[in-house]
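Bear in mind that the values here come from a model prediction, so they are computed numbers and not experimental data. Counting from 1, the numbers follow the sequence of the chain as shown.
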Amino acid sequence: MPLTIPLLTDSDPGQTIDVSETVFGQAYNEGLVHQLVTTYLARGRSGTKGQKSRANVQGGGSKPWRQKGTGRARSGTSRSPIWRSGGVTFAARPRVYDKKLNKKMYRAGMRSILSELLRQERVFVSQSLSPAEPKTKQLDNILKQNNTTEALIVVDKEDRNLSLSSRNLVNVDVCISADLNPVNLMASKKIILTREAVKDVEERLG
């Protein structure tokens, strides 16, 4: 029996489309999904803390004064940590939060998430979501006709009218299939893909 996704349409509510079992019919791997989500979130962090050591501070190449006879303490450089404007003894360095995750694990994790969302009946396909004009009210009416108020809309390419219309809808987000990530999938109550987006996702994750 082929795997199917419900099609959102007013004319025939029971209509479905066939999808790849390789992408939408996998078992849920909780450990892999957790690793995928934490890796994605970690890569979004930036370690901004940084200080200069004595090697990074400009100047101080020559000895400030001769070793003996001046009555002052001996010193080799004016960029020593005990000098004003000198380097920091144990200088902080920007932290790198990146975690390693190879492409096979990433694709397997995304397939696992999509398959679980389909089993939970949170994945749908629609072809008529793009409004005729970039107006929030038009998109809101289209979504209400399909009994939807919270959704992630996935398209295969940039749709200006759809993007502009969704900006003022708090619980509606638009995403290109190439930019689909585990966090917005897991956080969305309902996932609505266009037919073209389904094909693109199957090609990328198959």
Side-chain angles (χ1 to χ4, degrees), residues 1-44 99-131 139-159 162-163 165-166 169-206:
M1 183 176 180
L3 195 63
T4 61
I5 295 180
L7 185 65
L8 292 179
T9 175
D10 296 330
S11 59
D12 187 3
Q15 190 175 353
T16 61
I17 67 166
D18 295 341
V19 292
S20 170
E21 191 168 348
T22 303
V23 177
F24 293 93
Q26 300 299 309
Y28 185 63
N29 188 332
E30 184 176 356
L32 179 59
V33 171
H34 177 267
Q35 188 175 355
L36 180 62
V37 172
T38 54
T39 300
Y40 181 83
L41 292 175
R43 288 179 177 176
K99 297 177 181 291
K100 185 181 184 304
L101 189 73
N102 60 45
K103 292 181 180 179
K104 286 186 177 180
M105 293 177 67
Y106 175 81
R107 288 195 292 265
M110 291 292 286
R111 290 195 296 263
S112 180
I113 294 173
L114 287 169
S115 300
E116 181 63 20
L117 291 175
L118 182 59
R119 281 190 289 270
Q120 294 177 5
E121 299 181 351
R122 291 165 58 185
V123 181
F124 300 89
V125 175
S126 179
Q127 196 62 29
S128 57
L129 283 177
S130 182
L139 179 60
D140 190 38
N141 290 335
I142 293 173
L143 292 173
K144 286 180 178 178
Q145 289 174 4
N146 291 296
N147 299 319
T148 302
T149 55
E150 302 177 29
L152 171 66
I153 302 172
V154 184
V155 294
D156 65 316
K157 57 185 178 181
E158 187 68 35
D159 188 324
L162 187 59
S163 298
S165 300
S166 66
L169 295 176
V170 179
N171 297 316
V172 177
D173 193 16
V174 177
C175 174
I176 301 175
S177 54
D179 298 332
L180 202 59
N181 64 74
V183 174
N184 60 13
L185 278 177
M186 299 286 285
S188 301
K189 185 175 181 180
K190 184 179 290 187
I191 315 296
I192 304 176
L193 304 98
T194 62
R195 288 179 182 267
E196 293 78 11
V198 171
K199 294 178 181 177
D200 190 50
V201 169
E202 290 178 341
E203 291 176 2
R204 291 177 182 276
L205 301 180

[X]: partners by salt bridge (Lys or Arg N to Asp or Glu O under 4.0 Å), with sequence neighbours left out:
{"X": "Arg43", "result": "none"}
{"X": "Asp200", "result": "Arg204"}
{"X": "Glu116", "result": "Arg119"}

Find the distance between [atom1] ([X]) and [atom2] ([Y]) and round it off to the nearest 0.5 Å.
{"X": "Leu193", "Y": "Leu114", "atom1": "CG", "atom2": "CG", "value": "7.5 Å"}
{"X": "Thr148", "Y": "Ile142", "atom1": "OG1", "atom2": "CD1", "value": "11.5 Å"}
{"X": "Lys190", "Y": "Leu117", "atom1": "NZ", "atom2": "CG", "value": "13.0 Å"}
{"X": "Arg107", "Y": "Asn102", "atom1": "CZ", "atom2": "CG", "value": "8.5 Å"}
{"X": "Leu205", "Y": "Thr22", "atom1": "CG", "atom2": "OG1", "value": "11.0 Å"}
{"X": "Leu118", "Y": "Phe24", "atom1": "CG", "atom2": "CZ", "value": "7.0 Å"}

message: Which residues pass the side chain to side chain contact (heavy atoms under 4.5 Å, CB included) test with Arg195, not counting sequence neighbours?
response: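 Once residues adjacent in sequence are excluded, the partners of Arg195 under the side chain to side chain contact (heavy atoms under 4.5 Å, CB included) criterion are Leu7, Gln15, Ile17, Val125, Gln127.
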- request: If a pair satisfies salt bridge (charged side-chain N to carboxylate O under 4.0 Å, His left out) and one of its residues is in residues 139-150, list it, with sequence neighbours excluded.
  value: Asp140-Lys144
Looking only at heavy atoms, what is the nearest atom pair of [X] and [Y], with distance?
{"X": "Gln26", "Y": "Glu21", "result": "NE2-O, 3.2 Å"}
{"X": "Ser165", "Y": "Pro131", "result": "OG-CG, 3.3 Å"}
{"X": "Val174", "Y": "Ser166", "result": "CG2-OG, 3.3 Å"}
{"X": "Ala197", "Y": "Ser177", "result": "O-CB, 4.3 Å"}
{"X": "Val172", "Y": "Thr149", "result": "CG2-O, 3.7 Å"}

Report all side-chain donor-acceptor pairs from residues 28-36 shorter than 3.5 Å, counting only partners two or more places apart or in another chain.
from: Asn29; atom 1: OD1; to: Gly31; atom 2: N; distance (Å): 3.4
from: Asn29; atom 1: OD1; to: Leu32; atom 2: N; distance (Å): 3.1

task: Under the side chain to side chain contact (heavy atoms under 4.5 Å, CB included) rule, what do Val183 and Val37 come out as? Steps first, then yes or no, please.
output: CA-CA 6 Å; Val183 174; Val37 172; 4.3 Å; yes
query: After noting the C-alpha distance and the side-chain angles of Asn146 and Ile192, does the key distance pass the side chain to side chain contact (heavy atoms under 4.5 Å, CB included) rule?
result: CA-CA 11 Å; Asn146 291 296; Ile192 304 176; over 6 Å; no
With no hydrogens and no angle check, is any side-chain donor or acceptor of [X] less than 3.5 Å from a backbone partner on [Y]?
{"X": "Ser126", "Y": "Thr194", "answer": "no"}
{"X": "Ser163", "Y": "Asp159", "answer": "yes"}
{"X": "Asn184", "Y": "Leu180", "answer": "no"}

- prompt: Any side-chain heavy atom of Val19 within less than 4.5 Å of one from Glu202?
  reply: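 Yes, side chains in contact.
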- prompt: For Glu121, does the CD atom have more than 12 heavy-atom neighbours from other residues, nucleotides or ligands under 6.0 Å away?
  reply: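 Atom CD in Glu121 is not packed in, count stays at 12 or less.
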field: Leu152 vs Cys175, side chain to side chain contact (heavy atoms under 4.5 Å, CB included): CA-CA, chis, key distance, verdict
entry: CA-CA 7 Å; Leu152 171 66; Cys175 174; 3.9 Å; yes
